[in-house]
Amino acid sequence: MAAKNDLQSVLEEIKARVSIADVISAKVKLQKRGRDYVGLCPFHHEKTPSFSVNTAQGYYHCFGCGEHGDIFSFEMKNNGLTFMDAVHKLADKAGVVVPTLSKESIEQQQKRKSLYDIMEMATSFYEKKLRLREGALGLSYFKGKRGLSEDTIKKFRLGFAPNGSALKSELISKGVSAEDLELLGLTTRSDDNTRQTYDFFYDRVMIPIMDKRNRPIAFGGRILDKGEPKYLNSPETPIFNKRRILYNMNNAYEPAHKANRLIICEGYMDVIALDAFGFPYAVAPLGTALTEEQISEAWKMCLTPTLCFDGDSAGIRAAIRSIDRVLPILKAGYSVKYIFLKNYKDPDELLKNAGAQEFEKYLQKAKPLVDILWHKCKMNRTIVTPEEKALLEKDTLAEVAKIQDVQIRNYYTQEMKKRLSEEFGLEIKAEKNKFQSKKNDKNQEFNFVKKPPLDDMALRKLVANLILYPQLAESYISNLSNFEFGSSEMAKILAEILNIYEEEGVLDSSVLQEKLKMNFGAQLNELWQIDMIKKQNPNIPEARKEIDLCLQSIQLKQLDIEINECSTLIKNQPENFDELYQKYENLKKERNRLLLKFSDFA
């Protein structure tokens with residue numbers, strides 16, 4: 001009970017020393033109104049101030065959204081901190097010592113504090129070495145090869161670890177024990193009989209890893225020359241658990257909350273580059289695959305963080321692995337999105353070559369988790385026979401079964417069954433097709449309005465127009481799902497154009513052609529329709545009209561076939577006259593509707 005009373009005293013002392021208005025004004029522009037302060041609420045969007053701060057009683061209240069709390073709850077909600085993290089942060093500001101609240105002894109707590117102090121000394125040592133002659137190569141790497149500014153180097157406290165055991169010598173001379181250096185992973189033992197300790201990091205640029213309270217707890221070191229491992233990370237220690245920590249979470253918390261956006265990328269330098277280009281809400285796992293604990297930490301900053309992966313096969317594999325981590329812990333309102341940098345090896349390369357606006361385009365087109373799960377289920381499969389389709393369904397639902405939350409699992413099951421049906425089930429869906437027939441007494445089923453096949457000439461016209469006018473893809477991507485492409489080379493090119501549009505959006509015509517040439521160079525050289533359309537020099541409305549006429553002509557041919565088939569069935573199955581005649585009339589109405597539209601274009 002004493003510990004509880006001690007904590008209460010500390011909380012009251014913090015409130016007495018730190019003004020709630022001072023803390024909140026760092027986030028919210030406050031104006032004095034009588035004895036209180038008012039401002040725009042940081043917890044919901046508003047144009048008229050409804051957020052009030054009462055300094056006398058030490059609380060805030062929003063009359064718009066109902067948010068209410070004290071100085072500690074504000075730090076927790078606005079910065080994504082736990083209660084004790086908020087207490088420690090404000091205690092540091094107030095100059096108050098927080099008592100021991102666990103079974104740890106005073107000595108153990110002091111020991112832990114001394115470990116943080118040692119890591120701070122190591123960080124300062126590496127920072128200093130970067131500025132000396134022995135760190136010249138490291139500074140050249142950061143400023144020259146990576147293009148980092150002085151402000152960025154200082155913000156991330158980047159440094160350099162020289163050869164030998166310089167850190168060990170420096171810290172032991174300052175009273176740090178060899179045991180503590182080894183405990184923190186700053187030194188390691190040799191494999192020979194001497195079992196002497198030496199610096200764990202040497203001849204590497206150093207990237208300190210901070211906890212949420214901005215204390216250094218570990219390091220990542222990158223080699224400058226060729227060699228393995230390229231990155232060397234601190235081992236786990238009493239103050240460092242790599243499964244729970246995200247690199248840069250100390251800097252990203254506040255910007256992520258403010259922007260409601262968090263980017264999880266693959267490496268330290270990606271995070272630093274993103275920050276330098278105006279994306280301060282980036283974090284990264286620590287040399288391992290993303291863990292459940294790290295995802296939970298990310299959700300404290302943003303409900304739907306964006307996972308950024310390289311566009312190569314390794315990036316795809318990493319994304320697939322992340323799905324296995326996310327699915328079991330999904331909860332209502334919490335998920336992830338994905339972007340793949342298809343034409344760049346990492347964010348650093350993209351930003352330097354294409355700039356921040358190009359990266360923003362990727363963020364705007366981030367794909368939801370459900371799309372990536374669907375891709376995972378289909379990838380590297382042949383899905384043609386009934387047996388293969390059945391196996392796909394079994395495996396897909398097995399993936400969904402990993403979701404522990406019953407409500408979310410039910411929604412995912414519903415969505416996946418819908419996709420299975422739409423892509424691999426019957427071509428006609430009862431809920432979508434107004435011409436779907438019912439089964440008669442003999443269990444005979446009549447299906448009408450099949451997908452019209454696109455013949456070679458139609459495909460060539462479509463492909464040529466979409467290559468020259470990529471912006472038309474948006475108008476036809478959903479409409480073309482009503483047609484049968486077939487498996488010709490032209491059909492493959494058309495499918496690739498639509499895939500590129502879905503993944504990357506509208507590209508310049510020349511860029512699109514270069515992408516297509518990688519797999520369809522010979523076929524594009526034979527596509528004489530491109531030169532023909534260039535000579536005609538049509539504008540966008542004329543090109544759209546040409547495509548519409550082509551597609552509607554094909555639909556009319558298919559309807560004529562369906563009408564003739566239905567007429568034949570009426571003659572041969574008089575017992576089904578009423579049902580078949582209704583189908584016949586519906587088909588004719590659809591044909592007349594298309595003819596009327598056709599005449600508008602003509």
Side-chain angles (χ1 to χ4, degrees), residues 311-313 316 340-344 361-362 365 367 371-372 374-375 378-384 388 419 422-424 427 450-558 601:
D312 57 13
S313 57
I316 299 296
F340 297 90
L341 309 182
K342 192 171 183 180
N343 298 317
Y344 302 92
K361 291 178 182 178
Y362 277 94
K365 294 177 181 177
K367 292 184 178 294
D371 285 355
I372 307 304
W374 179 234
H375 175 76
K378 293 191 303 176
M379 66 187 298
N380 301 324
R381 286 178 180 264
T382 301
I383 312 168
V384 177
E388 290 166 342
R419 295 189 183 207
E422 288 179 346
E423 191 160 341
F424 301 105
E427 291 178 344
K450 298 176 183 176
K451 287 185 179 180
L454 294 173
D455 58 35
D456 185 70
M457 185 54 68
L459 281 166
R460 285 175 169 273
K461 285 184 180 180
L462 271 170
V463 168
N465 275 289
L466 290 178
I467 286 175
L468 292 174
Y469 302 100
Q471 56 268 55
L472 289 175
E474 184 176 2
S475 304
Y476 294 100
I477 193 166
S478 59
N479 190 18
L480 286 173
S481 65
N482 297 319
F483 292 81
E484 188 66 47
F485 284 20
S487 58
S488 68
E489 290 302 302
M490 280 298 130
K492 292 177 182 177
I493 296 176
L494 178 57
E496 180 65 11
I497 291 172
L498 299 180
N499 285 336
I500 291 173
Y501 171 77
E502 283 194 303
E503 292 180 7
E504 301 183 38
V506 177
L507 299 177
D508 181 80
S509 177
S510 59
V511 175
L512 176 60
Q513 289 184 59
E514 288 301 316
K515 287 180 174 292
L516 293 173
K517 283 179 182 178
M518 289 189 289
N519 295 316
F520 303 101
Q523 293 85 346
L524 291 183
N525 289 334
E526 296 174 3
L527 192 60
W528 53 266
Q529 283 84 355
I530 291 179
D531 289 331
M532 181 188 74
I533 295 171
K534 282 182 178 178
K535 290 177 182 178
Q536 293 172 347
N537 194 27
N539 54 32
I540 292 292
E542 288 172 339
R544 182 177 284 113
K545 178 180 176 181
E546 176 70 15
I547 296 175
D548 286 337
L549 285 171
C550 176
L551 296 180
Q552 287 169 17
S553 175
I554 294 168
Q555 287 176 310
L556 283 170
K557 289 179 183 178
Q558 182 63 33
F601 281 108

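Predicted, not measured: the structure shown is a model, and the values here were computed from it.
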* Structure fact -> Partner of I493 under side-chain contact (heavy atoms from CB on, under 4.5 Å), picked from L524, L527, L459, is L524

* **Heavy-atom side-chain contact between H375 and K367 under 4.5 Å** => no

* Any salt bridge between R419 and E422, counting N to O under 4.0 Å? -> no

* Asked: Okay, side chain of S509, backbone of I467: is any donor-acceptor separation there less than 3.5 Å?
  -> yes

* **Sequence-distant partners of E526, side-chain contact (heavy atoms from CB on, under 4.5 Å), two or more places apart** => none

* To do: Starting at CG of L462, measure out to CG of L494 and round the result to the nearest 0.5 Å.
  => 6.0 Å

* Measuring from M457:CE to M490:CE, what's the distance to the nearest 0.5 Å? -> 10.5 Å

* Excluding sequence neighbours, so at least two apart, what forms side-chain contact (heavy atoms from CB on, under 4.5 Å) with K515? -> N343, I500, E504, L507, V511, M518

* Rounded distance [0.5 Å steps], CG in L549 versus CD1 in I554 -> 11.0 Å

* Which pair of non-hydrogen atoms, one from L466 and one from L512, has the smallest distance, and what is that distance? -> O-CD2, 3.8 Å

* Asked: Would you say the side chain of F520 lies within less than 4.5 Å of the side chain of I497, judging by non-hydrogen atoms?
  -> no

* Gap separating the OG atom of S488 from the CZ atom of R460, nearest 0.5 angstrom -> 9.0 Å

* How long is the gap from CD on E423 to NZ on K378, to the nearest 0.5 Å? -> 3.5 Å

* **Spacing of CG belonging to N525 relative to NZ belonging to K517, to within rounding of 0.5 Å** => 7.0 Å

* Asked: What residues form a side-chain contact (heavy atoms from CB on, under 4.5 Å) with N519, not counting sequence neighbours?
  -> none

